[in-house]
Amino acid sequence: ASSWLRMLTAYASSGHFEDAKRVFDSMPEKSLAAYTIMLDVYASSGEIDKAFYLFNSIEEKDTVSWNAMLTAFVQSGDFAKARALYDSMPEHSLVSCAGMLHAFASSGKVDEAKALFDKMPQQSIVSWTAMVAAYAQNGQIPKAKALFDKMPVWDAVAWNIMLDGYARVDNTNEAKKLFDEMKETNLVSGNTMLTAYARSGRVEECKILFDVMIKRNLVSWNAMLGAYAQNGLVDDSKLLFDGMPAWDMVSLNTLLSGYAENGPLTDAKDFFFRMIQKDVVSWNVMLWAFARNGLLDGALKVLLDEMPETNVVSWNSMLATLSQRGGLGNVVKLFQRMEMAGMEPNETTFLCIVLGCNYAGSVLVARDLVWSLRGDFGMKPS
RNA sequence: UAUUGCAGCCUUCCUUAC
């Protein structure tokens, strides 16, 4: 039985979800541990409903399986369900509390995270770090730093979160300073610093770091690729890409967005049509490329007729484009179409529409929209 | 009865005006 479990774990942790499902299905006896692994597998492959169904079919759940279900919800972005599950759990372990902290942090509820953090019976390095991350990821760097300084111990993850916090507010100098004095580092630290350089346009320093990094993974390569692509050095990005030991969809899309942002539309189109694989992000980049070139009808055609699948970003892109040069009437029309297509709006959706109101000078539409946020969509205007 | 059954960090697409 344990060799089955070992195989299942190996597939699950390496991202081979289909293989994991096959192994699980053919297991003669399914232990609780096997079920628990599968919760994560289903959640990671976007099948949260299946995960929950499986969870409900478990007769004797323990804390570990409850926690796994909790983090499955968090991972899929369903924070309301995560909260409900957390409230109905028979007991809260350190892992449960840290998972819920993470959920609050990811949904921008810093105050609720802090309240939970304060009333936790026991702390762990994970809960401390999750709280620091809650501050850092929501732009509250001074609070993050203050809590970070109070931590009893630091590991690489804790340092990395502070590093990433500085990087995200574009404080590259502070990030570099921290990077140099970090006591614990790992591969993610280097990758985070690469991204910090890329974001602030410091491409040369980025390349120097990339070259001296002892270990690199695909994220490192993609970060370097992005440094070139986002800073107008499309030829360099292509050259780097050609020498990459491996690539994935992120690599292709990074390159594509380099063409879309810096070159003529034909470059992006050429690359797009030659891509061996495409996903919804690739299509979103193309949609944006049409829009950027003022081809609103072309962009609309991509969205409504050509895309094999869309997500909320596709619609938001189009809404933002129409907001700026398509007229508020068309914005509203497209939003209605979005609802008809069953696509759930998010906060950015409303910002895109408010942007249109701004351009049109229409206070009334904007006001109605903000009201309907609460009433029709159950959202809290930020 | 768990060196790998669960928890925190990094890379691609949408908004952040003046």
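The structure displayed is predicted, hence computed values, not measured ones. The chains referred to below are lettered A, B, ... by the order of the sequence lines, with proteins before strands, and numbering in each begins at 1.
Taken together through direct or relayed side-chain contacts under 4.5 Å among Ile, Leu, Val, Met, Phe, Trp and Tyr, A/Leu256 and A/Met307 form part of one hydrophobic cluster.
The residue A/Thr192 sits close only to the backbone: its heavy atoms come under 4.0 Å of sugar-phosphate atoms, none of a base. Nucleic acid contact for A/Ala33: base, since at least one base atom lies under 4.0 Å from a heavy atom of the residue. Residue A/Thr129 is in base contact, counting any heavy-atom pair closer than 4.0 Å across all strands shown. Within the nucleic acid shown, A/Asp62 comes within 4.0 Å of at least one base atom, counting heavy atoms only. If you check every strand for non-hydrogen atoms under 4.0 Å, A/Leu32 touches a base. Here A/Arg168 lies in heavy-atom contact (under 4.0 Å) with sugar-phosphate atoms only. Within 4.0 Å (heavy atoms only), A/Asp248 reaches no atom of the nucleic acid at all. When heavy atoms are screened at a 4.0 angstrom cut-off, A/Thr348 is found touching base atoms of the nucleic acid. Contact annotation for A/Thr36: base contact, defined as any heavy-atom pair under 4.0 Å involving a base atom.
Between A/Tyr42 and A/Phe52, a ring centre-to-centre spacing not shorter than 6.0 Å is recorded. In this structure, A/Trp159 has its ring center at least 6.0 angstrom away from the ring center of A/Phe179. You'll find the ring centres of A/Trp128 and A/Phe117 inside the 6.0 Å limit. The distance between the ring centers of A/Trp221 and A/Phe210 falls below 6.0 angstrom.
Once you apply a 4.0 Å limit to the heavy atoms of chain A, the touched nucleotides of RNA chain B run 5' to 3' over B/U4 to B/U15.
There is a side-chain donor-acceptor pair under 3.5 Å between A/Asn316 and A/Asn346. In summary, the side chains of A/Thr192 and A/Thr195 do not present any donor paired with an acceptor at a separation below 3.5 Å, with no hydrogens or angles considered. In this model, a donor atom of one side chain and an acceptor atom of the other lie less than 3.5 Å apart for A/Asn311 and A/Asn284.
With both ends at atom C1', the span from B/G5 to B/C9 equals 23 Å, rounded to whole Å. Rounded to whole Å, the separation between the P atoms of B/A2 and B/C6 comes to 14 Å. When the C1' atom is compared between B/G8 and B/U12, the two are found 23 Å apart, to the nearest whole Å.
For RNA chain B, the neighbouring residues in residues 110-126 of chain A, judged by any heavy atom under 4.0 Å, are A/Ile125, A/Val126.
Applying the ring-ring contact (aromatic ring centres under 6.0 Å, His included) definition to pairs two or more places apart or across chains, those involving residues 279-307 of chain A are A/Phe272-A/Trp283.
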